[in-house]
A.B. asks: 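Before I ask anything, here is the structure I am working with.
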There are 2 protein chains.
Amino acid sequence: MTDFAATKAMFHLPEGVLYLDGNSLGPLPKAAPARIQAMLTEEWGEMLITGWNRAGWMAQPMGLGDRVGKLIGAEPGHVVLGDTLSIKVYQALAAALALVPDRRVVLSDSGNFPSDLYMAEGLLGLLGPDYELRVVAPEDVADAITEDVAVLMLTEVDYGTGRLHDMAGLTRRAHAAGAVTVWDLAHSAGAIPVDLAGSGADFAVGCTYKYLNGGPGAPAFIYVAPRHAGHALPALSGWLGHAAPFDFHRKYRPGAGVERMRVGTPPILQLAALESALDIWDMADMGDVREKSLALCAHFIDAVEAACPMLTLASPRDGARRGSQVSFRFADGYAAMQALIDRGVIGDFRAPDIMRFGFTPLYIDEADVTAAAAIIADVMTNRLWDRPDYKVRAAVT
Amino acid sequence: MTDFAATKAMFHLPEGVLYLDGNSLGPLPKAAPARIQAMLTEEWGEMLITGWNRAGWMAQPMGLGDRVGKLIGAEPGHVVLGDTLSIKVYQALAAALALVPDRRVVLSDSGNFPSDLYMAEGLLGLLGPDYELRVVAPEDVADAITEDVAVLMLTEVDYGTGRLHDMAGLTRRAHAAGAVTVWDLAHSAGAIPVDLAGSGADFAVGCTYKYLNGGPGAPAFIYVAPRHAGHALPALSGWLGHAAPFDFHRKYRPGAGVERMRVGTPPILQLAALESALDIWDMADMGDVREKSLALCAHFIDAVEAACPMLTLASPRDGARRGSQVSFRFADGYAAMQALIDRGVIGDFRAPDIMRFGFTPLYIDEADVTAAAAIIADVMTNRLWDRPDYKVRAAVT
């Protein structure tokens with residue numbers, strides 16, 4: 001049984017803040033400053049260039065990748081860290097398309113994160129005018145998996161509403177139609193149990209700065225199913241994905257398995273921060289996290305709906321169809337969220353009208369949710385953002 | 001006049017080490033640990049998600065980009081930081097090719113860094129079989145700029161030999177032939193004066209962990225000439241390059257100028273380290289750096305050649321045709337370099353037979369060069385790596 005009081009004690013949470021935005025940027029693990037200090041002074045400072053081998057820097061994208069992989073049900077050795085999520089989307093989509101060379105359609109949905117769609121747009125633009133990015137409504141995805149679809153590219157948990165796709169079911173359907181799948185786990189990794197191996201997913205990508213708490217700009221990850229790992233090509237074929245990077249051959253030869261998805265020099269400071277966060281994850285069981293997340297979200301919905309009739313639930317009411325966030329629609333949502341932040345309840349706003357709150361059992365408990373709901377009730381019923389003495393203290397991104 | 005004793009005092013240099021590998025990874029600025037500690041505790045820890053605006057994280061890729069831009073003669077507002085050098089090569093090359101849509105040839109040379117060639121290979125693979133990566137010998141580049149060349153893609157300073165291309169001359173020649181240029185400044189930025197604006201370069205890219213001392217995995221940079229910045233397309237079209245990333249539109253619309261070359265979430269810890277390094281660069285004049293670099297290299301060549309007849313100079317003897325490194329060829333170079341590192345002289349080895357030494361006036365002075373040359377003479381004349389009691393202490397990457 002996960003000791004959530006113990007995990008909560010391992011994060012720095014500012015005085016007077018109720019942080020419901022761990023789905024955007026997780027908080028600082030208390031151990032991170034010392035870990036990074038040691039990396040700076042003992043590794044970079046003392047080892048200099050030899051740190052790449054002596055301190056194990058070069059191996060960290062695979063080593064820490066496996067620790068992320070455990071949280072998303074990946075087979076060992078099939079997750080690697082690096083770059084940003086958008087870059088990993090591009091690699092996964094390019095590799096997936098190459099596996100279905102006779103088809104030209106990428107199917108996605110309007111609930112996907114815009115950057116995933118932008119990256120697809122950029123890639124298909126290079127591939128030529130006969131390629132098509134087909135975007136349907138989330139509820140129409142299953143029926144839109146037709147025989148011309150090459151790749152089904154979806155974000156499992158909608159960043160705006162928290163709506164959860166059925167990864168295993170849609171993957172089965174895609175495979176039956178001869179398509180391969182790319183799953184974005186940005187709002188899944190560390191939020192809900194994910195079973196990449198069991199679901200049959202072909203490619204998956206995600207970031208580590210949200211629920212995984214790796215820090216601002218923490219690297220992304222990419223998963224390639226074992227059956228594809230030996231022949232999927234990375235498109236962004238950088239030297240650290242080469243079979244022998246330090247032989248400096250002039251021709252690219254892909255490395256073994258998922259390691260070919262590496263591109264350039266890994267960000268060692270960011271990886272040190274992520275390592276501190278993963279140490280906390282070692283104390284947690286994803287089943288326990290999900291159970292507590294569902295309880296916190298239900299409690300939050302009940303409390304907010306009881307006090308704030310002006311807010312409309314934008315997330316599925318059924319916890320089984322939702323990730324680990326709760327969103328409400330409100331026309332003045334941007335201003336209202338500023339006022340909430342001013343009162344110490346940090347959530348965020350997503351255009352056009354979504355007020356978004358993330359629930360992260362590692363460091364948020366029921367008392368926090370009760371306290372946050374009370375402040376939300378006060379701010380919303382008194383429309384604090386409309387008062388002449390109100391000043392926007394901070395802009396939320 | 002740059003005070004090099006003052007700049008040297010601002011770096012941590014380990015006891016007993018003569019560090020001639022700043023061309024691979026620069027040393028730790030003494031101010032970096034405190035700067036990063038403050039970023040962790042005061043920014044990430046206390047501001048959480050609001051740090052993106054309140055701490056200015058979101059603006060750093062452009063703000064610090066300008067500080068790098070000053071060192072390479074870029075117009076203000078035309079350099080942005082992010083990703084890795086390989087990713088930026090891909091973006092620059094894709095954007096450059098799109099400017100010359102009727103041609104299919106990318107011209108490069110065998111002195112280019114392999115990852116640049118790999119990235120080009122990956123990109124041209126997506127674009128189709130009529131695209132060609134044409135690789136010639138460095139001395140044949142000028143004559144190979146024929147009327148079918150779309151893009152001339154070169155690294156200004158050869159990573160192996162330090163041989164320096166004539167950026168302005170080759171760019172003029174490329175333009176006369178109707179081609180555009182992509183310059184990789186990995187071994188130029190902070191090593192030699194670069195005049196991007198004056199040379200007419202179209203695109204330039206580089207990394208910040210070598211001569212700029214930004215730390216392991218520090219982000220790359222990209223420059224787009226003002227005349228192209230408003231219509232060059234990034235290919236890797238991520239949300240932070242969008243004109244309005246937080247409007248979450250479904251269609252990509254490129255941001256203003258070089259900012260469209262941003263892709264995903266910037267690495268804030270790495271940027272904090274880079275900032276400490278750029279503070280030291282503010283104390284330096286590139287003309288002074290070049291003058292001292294030439295003197296150090298000349299002294300090193302004289303001292304090593306006088307004592308080590310078994311080493312063959314692989315770098316141009318004429319300083320005007322060389323960057324800020326000196327390389328020697330030696331058949332047992334790998335083992336010899338291990339022995340040197342064991343004795344505290346850190347250079348590196350590049351296959352097949354290059355022993356490489358970088359000269360970095362910010363923290364290396366004439367006494368260091370004299371001392372290093374004496375140790376090299378001892379190791380080489382006594383073939384220390386062949387002695388039975390010799391153990392390899394560290395592997396160089």
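Naming convention: chains lettered A, B, ... in sequence-line order (proteins, then strands); numbering from 1 in each chain.
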A.B. asks: Between B:Leu117 and chain A, with a heavy-atom cut-off of 4.5 Å, which part of the residue counts as in contact: side chain, backbone, both or neither?
C.D. replies: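 Side chain only.
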A.B. asks: Heavy-atom pairs under 4.5 Å with chain A - which of B:Gly122, B:Gly241, B:Pro114 has more of them than the others?
C.D. replies: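 Between B:Gly122, B:Gly241, B:Pro114, the count favours B:Pro114.
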A.B. asks: One pair to check against side-chain contact (heavy atoms from CB on, under 4.5 Å): A:Leu236 and B:Leu236. What are the steps and the verdict?
C.D. replies: CA-CA 10 Å; A:Leu236 302 172; B:Leu236 302 172; 4.2 Å; yes
A.B. asks: Under 4.5 Å heavy-atom distance to chain A, tell me which part of B:Ile346 shows up: side chain, backbone, both or neither.
C.D. replies: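 Only the side chain of B:Ile346 comes within 4.5 Å of chain A.
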A.B. asks: Go through A:Pro352, A:Gly22, A:Ser110, A:Ala218 and name the one with the most non-hydrogen pairs under 4.5 angstrom from chain B.
C.D. replies: A:Ser110
A.B. asks: Any idea which of B:Pro267, B:Pro216, B:Cys207 has the most non-hydrogen atom pairs under 4.5 angstrom with chain A?
C.D. replies: B:Pro216
A.B. asks: Can you tell me if A:Glu46 uses its side chain to pair, donor with acceptor, with the backbone of B:Pro14 under 3.5 Å?
C.D. replies: no
A.B. asks: Got a second to check how far B:Ile49's CD1 is from A:Asp348's CG, nearest 0.5 Å?
C.D. replies: 6.5 Å
A.B. asks: Counting only heavy atoms closer than 4.5 Å, note whether A:Asp247 contacts chain B via side chain, backbone, both or neither.
C.D. replies: backbone
A.B. asks: Tell me, side chain or backbone of B:His242 under 4.5 Å from chain A's heavy atoms, or both, or neither?
C.D. replies: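 For B:His242, side-chain heavy atoms alone lie under 4.5 Å from chain A.
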A.B. asks: Within this structure, what is the OG-CZ distance for the pair B:Ser86 and A:Arg262, rounded to the nearest 0.5 Å?
C.D. replies: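 With rounding to 0.5 Å, OG (B:Ser86) is 12.0 Å from CZ (A:Arg262).
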A.B. asks: OG/A:Ser24 to CG/B:Leu48 distance, rounded to the nearest 0.5 angstrom?
C.D. replies: 10.5 Å
A.B. asks: Would you list the atom pairs, donor with acceptor, under 3.5 Å between side chains in residues 31-40 of chain A and any protein atom, with sequence neighbours excluded?
C.D. replies:
{"residue": "A:Arg35", "atom": "NE", "partner": "A:Glu275", "partner atom": "OE1", "Å": "2.9"}
{"residue": "A:Arg35", "atom": "NH2", "partner": "A:Glu275", "partner atom": "OE1", "Å": "3.0"}

A.B. asks: Which region of A:Lys251, side chain (C-beta onward) or backbone (N, CA, C, O), has a non-hydrogen atom less than 4.5 Å from a non-hydrogen atom of chain B, or is it both or neither?
C.D. replies: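 Contact with chain B involves both backbone and side-chain atoms of A:Lys251.
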A.B. asks: Answer with side chain, backbone, both or neither: which region of A:Phe11 has an atom nearer than 4.5 Å to a non-hydrogen atom of chain B?
C.D. replies: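 A:Phe11 has no heavy atom closer than 4.5 Å to chain B.
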A.B. asks: Let me confirm one number: the OH-OH distance from B:Tyr90 to A:Tyr90, rounded to the nearest 0.5 Å.
C.D. replies: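 B:Tyr90 atom OH to A:Tyr90 atom OH measures 2.5 Å (nearest 0.5 Å).
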A.B. asks: Check whether A:Trp239 reaches the backbone of B:Met119 with its side chain - one donor and one acceptor, N or O, closer than 3.5 Å.
C.D. replies: no
A.B. asks: Compare every heavy atom of B:Thr265 with every heavy atom of A:Tyr209, then report the nearest pair and how far apart it is.
C.D. replies: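 Minimum heavy-atom contact is OH-OG1, 3.0 Å.
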A.B. asks: Measuring heavy-atom distances to chain A, does B:Val17 have an atom under 4.5 Å in its side chain, in its backbone, in both, or in neither?
C.D. replies: side chain
A.B. asks: Would you compute the distance between atom CD of B:Gln338 and atom OG1 of A:Thr50 and round it to the nearest 0.5 angstrom?
C.D. replies: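 It is 10.0 Å, given to the nearest 0.5 Å.
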A.B. asks: Among B:Gly45, B:Gly26, B:Gly264, B:Pro234, who wins on heavy-atom pairs under 4.5 Å with chain A?
C.D. replies: B:Gly45
A.B. asks: Begin from the C-alpha positions of A:Trp57 and B:Leu25 and carry the test side-chain contact (heavy atoms from CB on, under 4.5 Å) through to its verdict.
C.D. replies: CA-CA 13 Å; A:Trp57 297 343; B:Leu25 175 69; 3.8 Å; yes
A.B. asks: Looking at B:Ala351, B:Ala94, B:Gly128, which makes the most heavy-atom pairs under 4.5 Å with chain A?
C.D. replies: B:Ala351
A.B. asks: Do you know which of B:Ala235, B:Pro245, B:Ala272, B:Ala220 has the most heavy-atom pairs under 4.5 Å to chain A?
C.D. replies: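 Among the listed options, the one with the most contacts to chain A is B:Ala235.
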A.B. asks: Mark yes or no for whether B:Glu121, through its side chain, and A:Ser237, through its backbone, hold a donor-acceptor pair below 3.5 Å.
C.D. replies: no
A.B. asks: Taking every non-hydrogen pair under 4.5 Å, which of A:Asn112, A:Leu13, A:Leu126 racks up the most with chain B?
C.D. replies: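 Answer, by heavy-atom pair count under 4.5 Å with chain B: A:Leu126.
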A.B. asks: For B:Thr84, is it the side chain, the backbone, both, or neither that has a heavy atom closer than 4.5 Å to a heavy atom of chain A?
C.D. replies: side chain
A.B. asks: Give, for atom CZ of A:Arg250 and atom OH of B:Tyr118, the distance between the pair rounded to the nearest 0.5 Å.
C.D. replies: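 Answer for the CZ-OH pair, A:Arg250 versus B:Tyr118, is 10.0 Å.
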